[in-house]
Amino acid sequence: MSSREWSGSTGLGALLIALGVVFFAAQVLGFDVGRYGWPLIIVGAGGLMFLIGLTGFDPSRGLLIPGTIVMTVGGILLYQNTFRHWESWAYMWALIPASIGLATALRGALTRHRGQAGRGVSMAAFFLLLFALGFAFFEGVLRISGRDFGVLAQYGFPLLLILTGLWMLVARTLRIEFGQP
């Protein structure tokens with residue numbers, strides 16, 4: 001048996017033991033794997049891809065982005081499944097492109113591509129803002145979940161709109177003033 005075959009079977013054996021321990025502990029502790037466990041599998045698969053992207057096994061760091069997407073989707077599903085808050089998808093989807101922006105920024109920083117890192121930060125900021133606007137609108141104004149988020153949600157959406165509009169006007173004015181389109 002070659003060292004590569006041995007390491008592959010060793011890794012698979014360790015993974016099976018770890019899964020067995022987790023499922024055994026879930027039975028002993030009364031943890032509902034069907035309700036909470038399946039999104040963790042998705043998060044774990046994305047985490048594995050992300051970790052491979054961080055290591056020298058992937059010099060282009062190409063797995064950072066798909067790993068981040070899969071982890072984010074798993075995290076959203078874990079939240080929605082745990083709290084039975086499926087209607088949050090109306091705005092929660094914006095976290096996926098935000099995570100792509102963060103992964104792009106990280107990849108740019110690790111590969112020393114400053115332009116890519118900057119574009120990633122901008123993308124993440126835009127979609128996090130879109131997430132916040134969606135949350136404020138769907139939960140604060142429309143109250144799609146039936147929950148009352150209080151004064152913050154009621155006044156947060158109009159204030160967020162005002163601040164976003166001001167930011168866009170100021171940013172545009174500064175770009176024109178410094179000769180950028």
Heavy-atom pair with the smallest gap, counting every atom of [X] and [Y]:
X      : Y      : result
Glu87  : Ile144 : O-CD1, 3.2 Å
Ala109 : Ala117 : N-CB, 3.9 Å
Ala103 : Leu64  : CB-O, 3.8 Å
Leu95  : Thr72  : O-CG2, 3.7 Å
Leu63  : Met49  : CB-O, 3.4 Å
Met92  : Gln80  : CB-NE2, 4.5 Å

Carefully, step by step, assess Phe127 and Phe131 under the rule side-chain contact (heavy atoms from CB on, under 4.5 Å). CA-CA 6 Å; Phe127 282 102; Phe131 168 77; over 6 Å; no
What is the distance from atom [atom1] of [X] to atom [atom2] of [Y], rounded to the nearest 0.5 Å?
X      : Y      : atom1 : atom2 : value
Ile76  : His85  : CD1   : NE2   : 12.5 Å
Phe83  : Leu78  : CZ    : CG    : 8.5 Å
Thr164 : Leu129 : OG1   : CG    : 4.0 Å

Can you confirm whether more than 12 heavy atoms, excluding those of Trp167, are under 6.0 Å from its CH2 atom? no
Look at the side-chain heavy atoms of Ile, Leu, Val, Met, Phe, Trp and Tyr, link any pair under 4.5 Å apart, and say whether [X] and [Y] land in one connected group.
X      : Y      : result
Leu110 : Met71  : yes
Trp86  : Leu142 : yes
Val43  : Tyr79  : no
Leu128 : Met168 : yes

If we count only N and O atoms by modelled type, under 3.5 Å, do the side chains of Glu139 and Ser145 hold a donor and an acceptor together?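 Glu139 vs Ser145: donor-acceptor pair found between side chains.
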With heavy-atom distances below 4.5 Å as the criterion, would you say the side chains of Met123 and Ile100 are in contact? yes
Can you find a pair of side-chain heavy atoms, one from Ile42 and one from Leu77, that are under 4.5 Å apart?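 Result yes, sub-4.5 Å side-chain heavy-atom pair found.
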Please step through side-chain contact (heavy atoms from CB on, under 4.5 Å) for the pair Ile65 and Arg107, ending with a clear verdict. CA-CA 8 Å; Ile65 294 171; Arg107 182 177 182 208; 4.3 Å; yes
Would you please classify the geometry between the Tyr91 ring and the Phe138 ring as parallel, tilted or perpendicular, with 30° and 60° separating the classes?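 Because their plane-to-plane angle is under 30°, the rings of Phe138 and Tyr91 count as parallel.
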